[in-house]
Structure formats: C-alpha cells, structure tokens
Amino acid sequence: ADRRARKPRNAGETDFRQFEEGDIVVHQDYGVGRFQEIGWKDKEEVLVIEYADKSKLYVPLDQAYLVSRYVGSGKTALKLSALGDKKWSRTREKAEQSILEYAESLLQVQADRTTMKAYTHSPDTKWQWEFENSFLYKETPDQLTAIEQAKSDMESDQPMDRLLCGDVGFGKTEVAIRAAFKAVMSGRQVAILVPTTVLAQQHYQNFRERMSDYPITIDLLSRYRTAGQQRKTIMGVAAGSVDIVIGTHRLISKDVAFKKLGLVVIDEEQRFGVRHKERFKEVFKLVDVLTLSATPIPRTLYLSLMGVKDMSTIDTPPPNRIPVSTSIVPYDERIMKMAIERELKRKGQVFFLHNRVKTIGKFKEKIEKLVPHASVEIGHGQMDEHQLEDVMNRFIRGDFDVLVSTTIIESGIDIPNANTIIIDRADRFGLADLYQLRGRVGRAGEKAYAILMIPRDLMTAGDARRRINAIKQYTALGSGFKIAMRDLEIRGAGNLLGLQQSGHIAAVGFDLYCRLLKQSIAKLKGERVTRTVDVAMNLDFVSMNEAEFDQHGSGLMPAFIPSEYMEEPRHRITSYRELAEVSSLKQLTGMIKTWEDRFGKRPEEVDNLFRCTELKLRLAQKHVSTCEIKGNKLILTRKGHGIQVDGKYPRLASPMPKDRLLEALEWVKKL
C-alpha cells in the first residue's frame with residue numbers, strides 16, 4: 001500500500017467569515033465595527049454593524065463578503081472606526097504600501113535564491129532506506145509529505161529555505177533527523193541550532209539514539225560543555241571529523257568554521273534575536289536551511305505566501321496521541337492533592353505552573369505538605385542559568401516528581417513521563433500561552449490531564465472564563481491550527497513576518513491583511529489578481545430577498561437563500577460570502593455540489609440564485625460592467641458604451657421570468 005495516505009482536509013482550517021453577535025468585524029471600506037445582528041432594512045436582510053458614536057451600517061447579506069471577523073493582536077484596546085472619517089482609508093493605504101514593500105523584499109529574496117547554486121545532495125542510498133525503515137512509529141501522511149519535500153529540495157541545486165510548521169510533538173524532529181542523515185550520506189556536515197541548552201541536550205540524545213547503528217559522529221556545542229570539550233568540538237567541526245553538531249547560538253560564533261557544511265536545521269527560529277537571524281543569513285547563504293516552528297502559521301497566511309516561501313505543515317497528530325483531558329476548576333487544594341497522587345500512582349511526573357517568582361517557594365512548601373511522599377523542586381527564569389538547566393535535566397531524567405515552575409517550560413522540551421499539568425491562576429494567561437502550556441503533556445500515548453485553576457469568583461464571569469472555555473473546546477489534536485481566535489494566529493504571523501507587519505495586522509485585521517498580501521504578491525509576479533467579480537446587475541424580474549418576494553411575489557423570480565433551506569443566519573452569511581467570492585464557472589459548479597452535500601436538495605430560489613451568479617460570471621468574462629433588464633430589453637454596457645450582439649441590441653421574447661434569465665444567458669454566450 002502507498003505509504004502516503006491521502007491527507008485529510010485540514011481540521012484546523014479557520015473561517016474568518018463566521019461571526020457571532022458582539023464580535024468585532026472589519027468592513028474593507030468602512031473599517032472596524034461591532035457586529036450586532038442580522039436584521040431587516042427596507043425589506044432586505046442585512047448585517048447590522050455598529051461604529052463609533054453608536055452610528056450603524058447596514059450591509060446587505062449579498063455583500064457580506066466585504067465583512068470579516070477582526071482578528072488582531074489582542075494586546076491593545078481597539079477603537080471602533082467612525083463612519084465617514086478618513087482615518088480608516090489612511091490606515092488601510094499605509095498598510096497596503098507597507099505590505100507591497102514587504103512582498104517586494106520577499107520576492108527579491110526568492111529571486112536571489114533562484115540565481116544561486118548550492119551543493120546538490122545525492123539521491124537516497126540503501127542506508128537511507130534502512131535508516132528510515134528503522135523508525136519505530138508509523139509516519140503520519142503530513143510527515144511523509146514534509147520528508148519528501150525536504151529531501152527533494154536537498155537534491156536540487158538551489159539552496160533550500162523551507163519552513164516546517166507543526167504542533168508540539170507532531171514529529172518535526174524526525175523530518176530533521178532524516179534530512180540530516182541524507183546530508184551526512186552525501187559527505188556533508190550538519191549544524192542543528194536551538195535556542196536553549198536544555199533543548200540542545202535533548203536533540204543531542206535523540207539524534208545519537210536514532211543514528212547509533214551508523215558510523216556518524218555527533219557532537220554538542222553549548223555552555224554546558226567545558227572549555228576543553230568546546231575546543232575539541234570546534235577542531236572536529238573544522239577538520240570535518242564531526243558530521244553533526246548540535247548547539248545554541250554558540251554555533252554561529254566567529255571561531256566556529258565548518259569544513260563542508262551542507263545543511264542547517266534551525267529549531268524555533270522565532271526565539272532567536274534579530275542579530276542572530278541576520279548572522280544566520282550571512283553564514284548560511286549557500287547552505288540548505290530547514291527551519292522548524294511549533295507556532296502554527298495560519299492557513300490564510302500560508303496561502304498568501306505560497307510560491308514565495310517554501311512551507312510544509314504537519315497538522316495530523318501521531319497515531320498514538322490521545323487528546324488532553326482539560327478541566328477548569330476553582331482553586332482547591334484537595335483537587336491539587338488528588339491530581340498529583342493520581343499521576344504518582346502511575347509512576348508519572350507533574351508540572352505545576354505558578355507564574356510568580358516571589359511566592360513560588362511558599363507554593364513548593366504547600367505541595368510538600370499536601371503530598372509528603374512527593375519530591376518537589378522549583379524552576380524559574382531568575383535562577384542562575386546553570387542551576388536552572390540542572391533542574392530541567394534532572395526532571396527530564398525523572399529524578400523528582402513535581403516541578404513547580406513559571407512559564408519557562410513553554411519552550412519545546414519533551415518530557416514524556418510528565419502527563420499532568422496544573423496551572424494556577426489560569427485566568428492570567430492568554431489563549432496561546434494556555435494552548436502551548438497544555439502541549440507540554442500528553443506526548444507519550446498516555447492519558448494526560450490539564451487542570452486550569454481560577455479563583456472561585458471568576459468561575460462564572462468575564463473574558464478569562466470565555467478564553468478558558470475556548471481552550472476546553474479545542475481539545476482536538478492539531479487544534480493549534482484551529483485556535484485562531486486572537487493571539488495564537490497573530491503570534492504565528494508576527495514570528496514569520498516580523499514586528500512592523502504585526503502592527504499592520506493589528507490595524508486592519510488579520511483576514512484583510514492576508515488578502516492584501518496575496519494581491520500584492522500576485523501583482524508583483526505579474527499574475528492576474530482575482531478580485532471579487534464586479535458587474536452591476538439590475539434585473540427587473542428578480543427578487544433578491546425573502547421579504548420583498550413575500551410582498552410582491554407574483555411576476556417576480558425568487559433568487560435568494562431561503563431561511564428554511566439554511567436556518568442558521570451565520571450559514572447564510574457564509575454562503576452569500578462564498579458565492580460573492582466565486583471567480584470562475586468551475587468554482588461555481590463545485591459550490592453547487594458542496595451546498596447540496598451540506599444542506600440537501602436545492603430549492604428553486606437557490607437554483608435561480610446560482611443562475612444569476614452564472615450570468616454575472618459570464619458577463620465578467622466578457623468585460624461587461626453593467627447588465628440591466630427592463631421589460632423585454634437586455635441592456636449591456638462596457639466602459640459606458642451599450643453593447644450590440646450580432647449587430648443588434650438584444651430583445652427578450654419570453655414574458656416568464658425564468659425563461660427571460662435563460663434567454664439573457666444565451667445572448668451573453670454569443671458576445
């Protein structure tokens with residue numbers, strides 16, 4: 001059987017088009033407002049959006065594509081735009097200009113890469129095949145795709161620059177290990193760069209374990225090593241006797257020189273400073289670079305950057321992963337005691353997160369009193385670095401039971417034996433932080449528990465409760481790609497695009513930012529920018545909404561989505577948006593099938609709506625700007641001039657609405 005099983009639809013695709021009452025939204029022409037409800041205005045169903053000074057904007061449902069849910073940085077209080085104020089158009093123009101400059105720089109980097117020549121790694125050897133087959137677990141389809149993409153990049157003569165995104169524990173390291181093995185089989189050296197010495201130590205053990213059956217020399221370069229050991233490693237790297245070296249930014253020091261470097265793997269690049277990143281570009285210019293990131297890159301951004309950045313995403317969980325059981329409880333020492341004892345009974349370890357250095361010592365004493373037979377230690381960022389590393393390494397080895405720590409555990413270290421995490425004052429964390437922290441447990445096929453403790457009086461109130469409920473809701477694995485609400489998406493975007501771009505995302509909202517970026521890239525590459533089809537239509541026999549049809553039904557043709565067909569207003573909003581964004585007849589055919597799958601057999605009104613959309617698409621293909629049907633006249637205009645078909649102005653013969661629409665379609669096909 002083909003090992004590359006068909007990839008399922010990304011469970012984490014985020015739809016910015018769905019919004020609830022009270023959500024902050026962005027209208028691309030009027031700016032940031034608050035969505036209030038779906039109401040009625042002049043017999044038409046509309047989105048009611050509130051702006052500054054309580055002013056209201058009524059957007060017909062068939063123009064819902066102009067509105068998207070605002071996803072921003074969540075760091076600053078957001079002001080609603082004022083209707084009729086020029087500030088929004090200035091903000092948008094400024095963002096558009098900056099996005100265009102950013103897109104230019106991306107394309108320049110891409111152009112430079114295509115003209116450079118890098119070392120071409122040799123095709124897979126018999127050893128590579130044996131090595132890959134010795135992997136103890138079954139690869140996920142995403143993992144296999146990422147491995148193939150990385151190896152194919154390495155065999156090309158252009159320097160690889162691939163970003164590999166995937167949730168914590170989804171198997172990014174195995175992709176890096178196989179790429180490293182391939183480089184060594186081609187007679188090249190590999191550098192693995194990580195942000196912390198604890199992570200370096202962990203990668204060092206993983207790589208050595210995986211490659212123990214092969215004559216490959218793997219070494220470690222970090223502050224953890226003595227000066228003598230470091231000197232020896234540096235000499236080995238320069239002489240070419242060290243095949244793979246794993247280390248922190250010590251690896252890019254001026255005194256480290258490689259004999260024949262062929263591949264660099266950078267883990268969690270966003271945690272290196274700007275200065276280090278500049279140095280990476282300088283040192284690794286003609287070398288294959290594979291960057292690993294556990295911060296999810298939103299799908300919309302991924303699509304905007306496709307063709308500019310090489311990206312692989314792993315969003316299917318390993319087969320043995322079980323979703324983490326997440327509970328929100330009021331602060332209660334009995335629950336703490338019970339959770340710790342349950343974990344110790346099955347020979348596991350516990351993370352206890354208390355994010356205040358001042359009181360962390362008292363907390364440790366409290367846990368020792370509650371569970372006297374547990375060995376408890378402390379870890380936080382204000383400790384001496386060597387001391388902290390020592391604590392973390394001993395916890396990884398299983399030397400003690402409970403680690404009471406601050407958020408320093410958030411970074412990618414892997415402690416398979418720790419499968420319970422208790423978070424004190426969970427209300428003080430952002431959604432992204434809670435998600436990342438919860439990712440510390442549940443990595444070894446064991447049932448894992450995340451207990452989020454909040455003060456009793458906050459159990460039923462406010463933002464904190466809503467945020468924590470969202471974490472609970474997204475227990476599905478791979479939700480890192482789904483938890484788009486707010487900070488996680490923006491953190492991912494900010495890491496990839498840099499600080500200045502994050503500012504523009506906060507100003508115009510994430511969805512609009514991605515659309516503008518996609519347009520800029522297409523424009524600079526000389527591609528046709530597919531915009532929403534814009535043909536002004538005025539058909540005197542068509543009723544575009546339910547209320548109008550109920551009032552003047554006779555003689556009119558209904559062309560809308562009836563509320564009986566899609567009862568949920570949000571489904572109707574999304575569907576109108578999707579229909580407005582269709583730019584080809586092929587897409588329209590696909591949408592007809594999708595609606596039928598989801599909502600059942602199409603009623604006449606929806607059929608008519610699809611036909612009107614087909615007419616609009618065919619008119620757009622012929623560059624017609626307006627289409628009017630009055631009585632038996634079909635009036636088509638292009639650049640202000642009336643259009644004749646076969647030397648005459650079209651006339652419609654039939655008095656029946658549906659037949660008149662079909663006649664109009666036939667005339668347009670002849671254009």
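These numbers were taken from a predicted model, which means no experiment stands behind them.
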Legend entry - Residues in ring-ring contact (aromatic ring centres under 6.0 Å, His included) contact with Tyr331, at least two apart in sequence or another chain: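 Tyr331: no ring-ring contact (aromatic ring centres under 6.0 Å, His included) contacts found.
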Inset, instruction - Please list, chain by chain and in numerical order, all residues satisfying ring-ring contact (aromatic ring centres under 6.0 Å, His included) with Tyr204, sequence neighbours excluded. - result: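 So Tyr204 forms no ring-ring contact (aromatic ring centres under 6.0 Å, His included) with any residue.
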Can we say [X] and [Y] salt-bridge, meaning some charged N sits less than 4.0 Å from an Asp/Glu carboxylate O?
X	Y	result
Arg394	Glu389	no
Lys151	Glu132	yes
Lys369	Glu365	no
Glu174	Arg210	yes

Inset, instruction - State which residues pass side-chain hydrogen bond (donor to acceptor under 3.5 Å, both in side chains) with Asp243; sequence neighbours excluded, sorted by chain then number. - result: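 Not a single residue meets the side-chain hydrogen bond (donor to acceptor under 3.5 Å, both in side chains) criterion with Asp243.
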Inset, instruction - Can you sort out the partners of Asp255 under side chain to side chain contact (heavy atoms under 4.5 Å, CB included), two or more places apart, ordered by chain and number? - result: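 Partners of Asp255 by the side chain to side chain contact (heavy atoms under 4.5 Å, CB included) criterion, ordered by chain and then number, come out as Ile234, Arg250, Ser253.
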Inset, instruction - Go through the structure and list residues passing side chain to side chain contact (heavy atoms under 4.5 Å, CB included) with Arg231, not counting sequence neighbours. - result: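 Per chain and number, Arg231 pairs via side chain to side chain contact (heavy atoms under 4.5 Å, CB included) with Ala227.
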Inset, instruction - For Ile266 and Val289, work out which heavy atoms get closest and say how close. - result: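 Minimum heavy-atom separation between Ile266 and Val289: CD1-CG1, 4.0 Å.
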Legend entry - Derivation and outcome, side chain to side chain contact (heavy atoms under 4.5 Å, CB included), residues Val376 and Asp401: CA-CA 6 Å; Val376 187; Asp401 304 314; over 6 Å; no
Would the number of heavy atoms belonging to other residues, nucleotides or ligands and lying under 6.0 Å from [atom1] of [X] be above 12?
X	atom1	value
Arg208	CZ	no
Arg334	CZ	no
Arg425	CZ	yes

Inset, instruction - Test Gln202 against every option in Thr173, Ile246, Ile396 by the side-chain contact (heavy atoms from CB on, under 4.5 Å) rule and name the one that passes. - result: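 So, applying the side-chain contact (heavy atoms from CB on, under 4.5 Å) to Gln202 and each of Thr173, Ile246, Ile396, only Ile396 qualifies.
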Legend entry - Parallel, tilted or perpendicular, as decided by the 30° and 60° cut-offs, for the rings of Phe131 and Phe181: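 Parallel, since the angle between the ring planes stays under 30°.
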Report all side-chain donor-acceptor pairs from residues 338-353 shorter than 3.5 Å, counting only partners two or more places apart or in another chain.
residue : atom : partner : partner atom : Å
Glu341  : OE2  : Lys337  : NZ           : 3.3
Glu343  : OE1  : Arg346  : NE           : 3.3
Glu343  : OE1  : Arg346  : NH2          : 2.8
Glu343  : OE1  : Thr420  : OG1          : 2.5
Glu343  : OE2  : Arg346  : NE           : 3.1
Arg346  : NH1  : Lys447  : O            : 2.9
Arg346  : NH2  : Lys447  : O            : 2.6
Gln349  : OE1  : Asn417  : ND2          : 3.3
Gln349  : NE2  : Phe395  : O            : 2.9
Gln349  : NE2  : Phe400  : O            : 3.0

Inset, instruction - State, with a plain yes or no, whether a side-chain heavy atom of Val25 is found less than 4.5 Å away from one of Arg34. - result: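 They are not in side-chain contact.
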